Number of protein chains: 2
Amino acid sequence: MRNSRSDVVAAALRVLDAQGLEFCSMRRVAAELDVQPSALYHHVADKQTLLALMADEIVGTVDLGSENPAGICADLRRALLGIRDGADVVATASAFRLGASAVEARLGELLGEDGARTLLLYVFGHAQSTQTQLQARELGVLADGPSPVELDASFARGVGIILDGVRAD
Amino acid sequence: MRNSRSDVVAAALRVLDAQGLEFCSMRRVAAELDVQPSALYHHVADKQTLLALMADEIVGTVDLGSENPAGICADLRRALLGIRDGADVVATASAFRLGASAVEARLGELLGEDGARTLLLYVFGHAQSTQTQLQARELGVLADGPSPVELDASFARGVGIILDGVRAD
DNA sequence: ACCTGAACACCGTTCAAGT
DNA sequence: ACCTGAACACCGTTCAAGT
């Protein structure tokens, strides 16, 4: 046995974190494993499937035990921001199978379907925008804009607004 | 004078609507204009810039006169869904310059910054997910899932939740 | 089962040169 | 000012063939 499917996913996540989604090509993932590009297709149907598996891995670390929706959202955000372009990867993959995720199911139990959906879309959107801004800042493309602390606070306020709205229903 | 910058943007929007974002390449936009790919770089710095101009065009049709935030959101959604992959194009482009858009400024006047931001991220996320689902349905990849009417309703409920939350603040 | 090697049909972008 | 032609360094994916 040489490489397994999870070796491929792990290598892809390493490439993602090191180079970003733009450069996370099948060819670079193959190179990370010292293997020809075509070898990947023995483990994975296509790139889209690989991205979905990566998304599962990223979201899999979220703690669903809590009764506190704001806590779950914060933990999801932590997971998304924990790897380069994580929000993009998960948002794109989830768009294809919203309702399939354990996080949405758990939030649905706590808040109802509409609340869960509203909250999730907000968390993805905010995390995506945060990650894009922080990267632009690193590249020196963007000088101004909110600091990380301000972004944390703005995230929390948005979650608060939505939770207030769910309760007001 | 042969082609202008707006000719390029218009051609790109035609290709986008006909083929989708995945196939909206610089080479295909050039072909749409009966021109070599390299000719586009006389009008536009790179593909990212072209996508930003397309996003401006898409969002430019939104009516900002109304005092009613829900109405503005509905109109923004109409604009995003009015062209294939419009939500994706605008969401990606806006991530780079949130705060720059006229829509966010107008919603900010009506609701405050946090409310405007929360609402906008939700509208983008919902429209993106809607567009992905409808396309998957067309391709026969997805058989079940909410109908267009149900998607409209779920959108309206999400907007309602957020507006209730803003008022409860 | 897992991988190589070679090929196919694409990309975005640059740059000298033409009109 | 606007465009061509040619090139460069990439893509994702397929498929026969090897072990």
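Chain letters run A, B, ... following the sequence lines, proteins first and then strands; every chain starts at 1. On a predicted model such as this, the values are computed, not experimentally measured, just so you know.
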Check: Can we say B/Arg167 and B/Asp164 salt-bridge, meaning some charged N sits less than 4.0 Å from an Asp/Glu carboxylate O?
Finding: yes
Margin query: Strictly distance-based, threshold 3.5 Å: is any side-chain N or O of A/Gln128 a donor or acceptor partner for the main-chain N or O of A/Asp85?
Written below: no
Note to self: Test your reading of the model: is there a side-chain donor-acceptor pair from B/Arg84 to the backbone of B/Ala18, 3.5 Å cut-off?
What the structure shows: yes
Margin query: Without decimals, in angstroms, what is the distance between A/Gln48 CD and D/dG12 P?
Written below: 13 Å
Next item on the list: Inspect the surroundings of CD in A/Glu32 and state if more than 12 heavy atoms from other residues, nucleotides or ligands are less than 6.0 Å away.
Entry: yes
Notebook entry, point to check: Atom CD of A/Glu22 and atom P of C/dC11: how far apart are they, to the nearest Å?
Noted result: 17 Å
Next item on the list: Calculate the interatomic distance between A/Leu40 atom CG and D/dT13 atom P; express it in whole Å.
Entry: 10 Å
Next item on the list: Ignoring backbone atoms, test whether A/Arg28 places a side-chain nitrogen or oxygen under 4.0 Å from the OP1 or OP2 oxygen of D/dC11.
Entry: yes
Notebook entry, point to check: If the P atom of C/dA9 is compared with that of D/dA9, how far apart are they to the nearest Å?
Noted result: 22 Å
Next item on the list: Report the C-alpha distance between A/Val90 and A/Asp56 in whole Å, list the side-chain angles of each, state the deciding distance to 0.1 Å, and finish with yes or no for side-chain contact (heavy atoms from CB on, under 4.5 Å).
Entry: CA-CA 8 Å; A/Val90 174; A/Asp56 288 342; over 6 Å; no
Note to self: Distance check needed: D/dT13 P versus A/Leu50 CG, whole Å only.
What the structure shows: 10 Å
Margin query: I want to confirm an ordering. Mapping B/Ser38 and B/Arg2 to their closest nucleotides on DNA chain C, which one lands closer to the 5' end?
Written below: B/Ser38
Margin query: So if I take every side-chain heavy atom of A/Gln36 and compare against C/dT13, C/dC3, C/dG5, which nucleotide ends up nearest?
Written below: C/dG5
Margin query: Is there a side-chain contact between A/His43 and the phosphate of C/dC3, meaning an N or O under 4.0 Å from OP1 or OP2?
Written below: yes
Check: Separation of A/His42 atom NE2 from C/dA1 atom P, in whole Å?
Finding: 7 Å
Next item on the list: Could you state the atom-to-atom distance from CG of A/Asn3 to P of D/dT19 in whole Å?
Entry: 19 Å
Next item on the list: Give the rounded distance in Å between these two atoms: CZ of B/Arg27 and P of D/dA7.
Entry: 13 Å
Notebook entry, point to check: Tell me: OH of B/Tyr41 to P of C/dT13, nearest whole Å?
Noted result: 4 Å
Next item on the list: Indicate yes or no: does B/Arg78 engage B/Asp75 in a salt bridge with an N to O separation below 4.0 Å.
Entry: yes
Margin query: As a test of your reading of the structure, name each stem of DNA chain C as range with range, where a stem is three or more consecutive Watson-Crick or G-U pairs at under 3.5 Å.
Written below: C:4-8 with D:12-16, C:12-16 with D:4-8
Next item on the list: Measure from the side-chain N and O atoms of A/Thr92 to the backbone N and O of A/Asp88, and report whether any donor-acceptor pair falls under 3.5 Å.
Entry: yes
